[in-house]
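For reference, the structure discussed in these notes is given below.
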Amino acid sequence: MTAIHLEGLVKRFGDFTALRAMDLEIRDGEFMALLGPSGCGKSTTMNMIAGMEAPTQGRILFDDRDMASVPMGQRGVGFVFQNYAIFTHMTVRQNLAYGLKMRGMPRAEIDKRVGAVAELLQLTSLLDRPSAKLSVNILQRLAIGRSAIIEPAIFLLDEPLSNVDAAFRAVMRTELRHLQHAFRQTMVYVTHDQLEAMTMADRIAVMDHGVLQQVGTPLEVYNNPANVFVARFIGSPGMNLLKGRLADSDRGPVVDLGQLGATPPLPDALAAAARTAGAEEVFYCFRPEEISIAREGRGLAMPVTFVERIGARTIVHLGEGEETAKAVFDNDVGLSAGETAVISANEETVRLFDAASGQAIGSA
Amino acid sequence: MTRSPAFEIFRYTVILLALSVTLIPTLWMTSMAFKPIPEWSASGADLTWWPNEPTLDNFRFIFGESSSELIVALDRTAGKPILASLLSAVFGTLIAMISGTSAAYGLSRFGAGQSLPLALTQLRLFPPLAVMIPVMIMWAFLGLTDTWWGLALVYGIVTLPFAFWLMKTFFDDMPYEIEEAALVEGCSRFRVFMRVTLPMMRAPLASSALFVFILNWSDYLIALLLTTREWVTIPVYMASLSSSMTGQLYGAKAALGLIAAVPPVILGIAIQRHLVRGLTFGALKQ
Amino acid sequence: MVVVDAAGGGGRQDEESRRLGFALTVPAQMLVLFIAAFPLLMQAYISLTDWSPLDGIGWWRAWELWNGFANYSDLATDNRFWGALGRTIIVMAICVPAEFLLGFGLAILFTGNFVGRRFFYSVLLMPMMVVPAVAGYMFFMLFQSGGPVNDILSAIIGSPVQIAWLSDPDLALFAVIASDIWQWTPLMFLILLAGLLGVPEDQLKAATLLGASWWQRFVTIVLPRMKTIIVIALAIRVIENFKVFDTFYIMTGGGPGVATETISIFIYKVTTQELVWGYVAAIGLTILIVLSVVAGVAIKYMSAQRREA
């Protein structure tokens, strides 16, 4: 049971900066997901926590202990590789026992612990099978068991589901969550799949281009994205962003959406925050799920370009060129391409971002 | 993974040591090749590592130019042995490559000649000396002894296993779909082999041919047994470069050795990528 | 890494491809027959006679000198043959392990990246590309009593060293072994490095994270993964080393006396100096049979191992 502190972590490979000044606190027993597109620095961060790579600058602390001088074999880190890195020339039992054997533990004790872990992971009947030809969910369990058996202080998982076909991922996600509850360990989970991060993590650290964008619970990140990147990245589809200017009207503060010819109203608090921040150009943002739609009336009139019906949900693609939006509904909306729809966002879920800095304005 | 400075120092020390052990014999021969006679042999203290008066006399000597210092005259020059080595190695390579490539294709694509892999592996396993008696008798009978073409024929057979195995692994690696597409176009299988497969395999063919050439060029024993005078190859000729009057003609031998050593070293570096495949009969690829 | 036979032909086995496949293998089959089948019969025939090219009668009339299995029984009691065989095995027992260990050690140093890696790699491979006869001559020069080896030793010891390497029976064996190790360690290095680089990086990292030391990783991950490659490398060198001739013959001619006379040099000398070809044929055939049996057993053993794995 260990907390991890990353302080001003920087990693450069030659001229390329993979990670810029990362500060992050991962709490004891927490399931933290590092989420971001490929090349965002999440794997580099993970590798540095494990000790596979040394930071260019900054410190890594496990509780209060600086890890700089601790080699990877002694950090007490369990690591599940993307391809699981199972020792395929060994049996399941030999794989599980590996860490204990390397520590020179007596045979009887090893057998006992292997038995216990195998029981927990439902591997008992497979113990003496060669590990070369196991199915992928058993490989995952074996990889976790092999790391868990040395009772690591923290667990690192490097996109363990990326080689699994989509249908099976849901099963594996559930299984992983169960395992985390069983081991109650600090876990850091690297992924580019927001669904995995949202469903499993206690908190999510969103990263892009080597910069930590936001840290928060799945709902925080979803509801209050800290900047434009997070707003676009989280959610599927991500938030709608429309460029506009702050303005006043007889109805109170509004956003002038320019060529869309609409001036949706703003909640007072948000308008006040925007004024304090001195923002002029803003992004007017709202979730595709938080939209009401009609054929006419007040709101944003946009042409329907495409209607995607994917079973339970319908996604309506609106607008052309720069100004586009998507709307998601649980039922069919009876619209089709070529028609014009009038949408209005649920006012409480509207967010504003400074168009110059990309940062969120105010917080709800 | 984690490299300490101490490890780096150790690594460079060992590698530099290995490097000097590797280079000293070669450099010594190079140095000898450019030494004038007085520096050829020396006792103890006055051994010169680098020629004091570098000269090309040794090279001139083996090509028949008389030298004031060497009283002995060669009854023949190095020209013909070099030609013999070249002709026998080149044509031996051709024989091995043509028969080996076509057989490899036949087996890889059509499953023909199932007995060849084992037979050819055995051919590589046996010491040539154990089977040379009948070959020597046959060659004498056919008038092939002491001819470059007779030598080339033996070379072609001896290196056939290498050509076959190398090309077989290359064909096995090659996707069949491309040929299939040409077949659908209506080409005959033979035409596909000649016009589609072989042109696509140009690079592997070149590497394999160079590999086989190096092996042929490197032979000493077979030439020693099958050539006597007219068509002796470089190594055989080199061994004969001594006379009762002067003893070993060190510098001349070194000069010839250098000429013999340079081509395979250069070619070997050129095909470095395929060396593992060639040496292990294609069992390993780099 | 071991090649799986793709046997691509499976697709369409029509008459055309069957005929073309046969035609393509004809040249190779002919060459094999030419060097194997007919000569082997001839060799078997001559080995049962006392024929020599000096007898003035054609080999086909060798039956006039029929002596049954006398050549074979002579072989059993030929001390020079057994001596040469023993020497060949001693040389092999020293050269192959030395080349393996040195090559493996170097290969381990070449994992990971460092400045000059490509250059060092190319240079270290050079000896195996040198024509063996030329390598023999290089070492012949090195070990002259006025040569560089003694010069280096003199410099180390500080007083003149005049060792006659190649005319002392024990030292001559040492010198020819040194030449073999020089020339063929690079081959071990080359093959074993290819094998080392094929060990999955992730597995090594996983083992490290599980607390394995360098040595533990080497024993539990690297060696088991390289088993096939190690066997192949050793087999190649054992086979080649058994045949060794060029370097040894040029350095010492098998001498002094018979101090460096390996099996190949022995056969060569009997062939060219004593000219008792009936006897040579018997030796050759015996070696062929013994090697075939050994190889057959080895292949059977290895394929059994592979089936288990």
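Chain A is the first sequence line, chain B the second, and so forth, proteins listed ahead of strands; every chain is numbered from 1.
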(request) Go through C/Leu285, C/Ile250, C/Ile263 and name the one with the most non-hydrogen pairs under 4.5 angstrom from chain B. (result) C/Ile250
(request) For the residue pair C/Phe120 and C/Phe114, categorise the inter-ring angle as parallel (less than 30°), tilted (30 to 60°) or perpendicular (more than 60°). (result) parallel
(request) Would you mind checking which part of C/Phe34 comes under 4.5 Å of any heavy atom in chain B, side chain (CB onward), backbone (N, CA, C, O), both or neither? (result) both
(message) Under 4.5 Å from any heavy atom of chain B, what part of C/Trp277 do you find: side chain, backbone, both or neither?
(response) both
(message) I need the C/Ser264 OG to C/Lys269 NZ distance, nearest 0.5 Å.
(response) 12.5 Å
(message) Less than 4.5 Å to any heavy atom of chain C: does that hold for the side chain of B/Leu16, its backbone, both, or neither?
(response) side chain
(request) Between chain B and each of C/Phe242, C/Phe139, C/Tyr137, count heavy-atom pairs under 4.5 Å; write down the option with the most. (result) C/Tyr137
(message) Can you tell me which portion of B/Leu153 sits under 4.5 Å from chain C's heavy atoms? Options are side chain, backbone, both or neither.
(response) side chain
(message) Looking at B/Arg191, I want to see if its CZ is surrounded by more than 12 non-hydrogen atoms of other residues, nucleotides or ligands under 6.0 Å.
(response) no
(message) Quick check for you: to the nearest 0.5 Å, what is the distance between B/Met97 atom CE and B/Met167 atom CE?
(response) 5.5 Å
(request) Check each atom of B/Leu225 against the heavy atoms of chain C and say whether the ones under 4.5 Å are side chain, backbone, both or neither. (result) side chain
(message) Is C/Leu288 close to chain B through its backbone or its side chain, or both, or neither, when contacts mean heavy atoms under 4.5 Å?
(response) both
(message) Quick check for you: among C/Leu106, C/Val149, C/Leu124, C/Leu40, which has the greatest number of heavy-atom pairs under 4.5 Å with chain B?
(response) C/Leu124
(message) Heavy-atom cut-off 4.5 Å, strictly under: side chain, backbone, both or neither for C/Ser122 against chain B?
(response) both
(message) Is B/Ala239 in contact with chain C via its backbone, its side chain, both, or neither, using a 4.5 Å heavy-atom distance?
(response) neither
(request) Give, as side chain, backbone, both or neither, the part of C/Leu31 having an atom under 4.5 angstrom from any heavy atom of chain B. (result) both
(message) For the CE atom of B/Met136 and the CE atom of B/Met138, what is their distance to the nearest 0.5 Å?
(response) 13.0 Å
(message) Does any backbone or side-chain atom of B/Thr121 lie under 4.5 Å from a heavy atom of chain C? Answer side chain, backbone, both or neither.
(response) neither
(message) What part of B/Leu160 gets within 4.5 angstrom of chain C, counting heavy atoms only: side chain, backbone, both, or neither?
(response) side chain
(message) Given heavy-atom pairs under 4.5 angstrom as the criterion, report whether the side chain, backbone, both or neither of B/Phe193 touches chain C.
(response) side chain
(request) Measure C/Leu187 against the heavy atoms of chain B and call it side chain, backbone, both or neither at under 4.5 Å. (result) side chain
(message) Please classify the contact between B/Thr101 and chain C as side chain, backbone, both or neither, with a heavy-atom cut-off of under 4.5 Å.
(response) neither
(message) Quick check on C/Thr272 against chain B: is it the side chain, the backbone, both or neither that has a heavy atom closer than 4.5 Å?
(response) side chain
(request) With B/Tyr105 as reference, evaluate B/Phe171, B/Phe190, B/Tyr176 under the ring pair (Phe, Tyr, Trp, His ring centres under 6.0 Å) test and give the passing residue. (result) B/Phe171
(message) For the interface with chain B, which of C/Asp246, C/Val280, C/Val134 has the highest count of heavy-atom pairs at distances below 4.5 Å?
(response) C/Asp246
(request) Give, as side chain, backbone, both or neither, the part of C/Met128 having an atom under 4.5 angstrom from any heavy atom of chain B. (result) side chain
(request) Between chain C and each of B/Gly106, B/Pro128, B/Pro127, count heavy-atom pairs under 4.5 Å; write down the option with the most. (result) B/Pro127
(request) Check each atom of C/Leu125 against the heavy atoms of chain B and say whether the ones under 4.5 Å are side chain, backbone, both or neither. (result) side chain
(request) Counting only heavy atoms closer than 4.5 Å, note whether C/Ser47 contacts chain B via side chain, backbone, both or neither. (result) neither
(request) Return the option, out of B/Gln122, B/Met132, B/Arg124, B/Met238, with the maximum number of heavy-atom pairs under 4.5 Å with chain C. (result) B/Arg124
(request) Check whether C/Asn150 gets within reach of chain B through its side chain, its backbone, both or neither, counting any heavy atom under 4.5 Å. (result) neither
(request) Answer with side chain, backbone, both or neither: which region of B/Leu19 has an atom nearer than 4.5 Å to a non-hydrogen atom of chain C? (result) both
(message) If I measure from the heavy atoms of chain B, does C/Phe22 come under 4.5 Å with its side chain, its backbone, both, or neither?
(response) backbone
(request) Measure distances from B/Leu125 to the heavy atoms of chain C and classify the residue's part below 4.5 Å as side chain, backbone, both or neither. (result) both
(request) For C/Gln144 and B/Tyr250, test the side chains for any donor-to-acceptor distance below 3.5 angstrom and give the result as yes or no. (result) yes
(message) Please classify the contact of C/Val26 with chain B as side chain, backbone, both or neither, using a heavy-atom distance under 4.5 Å.
(response) neither
(request) Would you kindly say whether B/Arg109 and C/Ser17 are connected by a side-chain donor-acceptor distance under 3.5 Å? (result) no
(request) Measure up the C/Phe245 and C/Tyr249 rings against each other and bin them: parallel (under 30°), tilted (30 to 60°), perpendicular (over 60°). (result) parallel
(message) Please classify the contact of B/Leu120 with chain C as side chain, backbone, both or neither, using a heavy-atom distance under 4.5 Å.
(response) side chain
(message) Using heavy-atom distances under 4.5 Å, tell me whether B/Val135 contacts chain C through its side chain, its backbone, both, or neither.
(response) side chain
(request) Go through the atoms of B/Ala254 and report whether side chain, backbone, both or neither lie under 4.5 Å from a heavy atom of chain C. (result) both
(request) Find the one option among C/Met30, C/Met129, C/Met126, C/Met42 whose heavy-atom pairs under 4.5 Å with chain B are most numerous. (result) C/Met129
(request) Among the options C/Gln43, C/Gln183, C/Gln29, pick out the one with the most heavy-atom pairs lying under 4.5 Å from chain B. (result) C/Gln43
(message) Rounded to the nearest 0.5 Å, what separates atom CG in C/Leu193 from atom CG in C/Leu197?
(response) 4.5 Å
(request) Side chain from CB out, backbone as N, CA, C, O: work out which of these in C/Glu240 comes under 4.5 Å of a heavy atom of chain B, or both, or neither. (result) side chain
(message) Given heavy-atom pairs under 4.5 angstrom as the criterion, report whether the side chain, backbone, both or neither of B/Tyr12 touches chain C.
(response) side chain
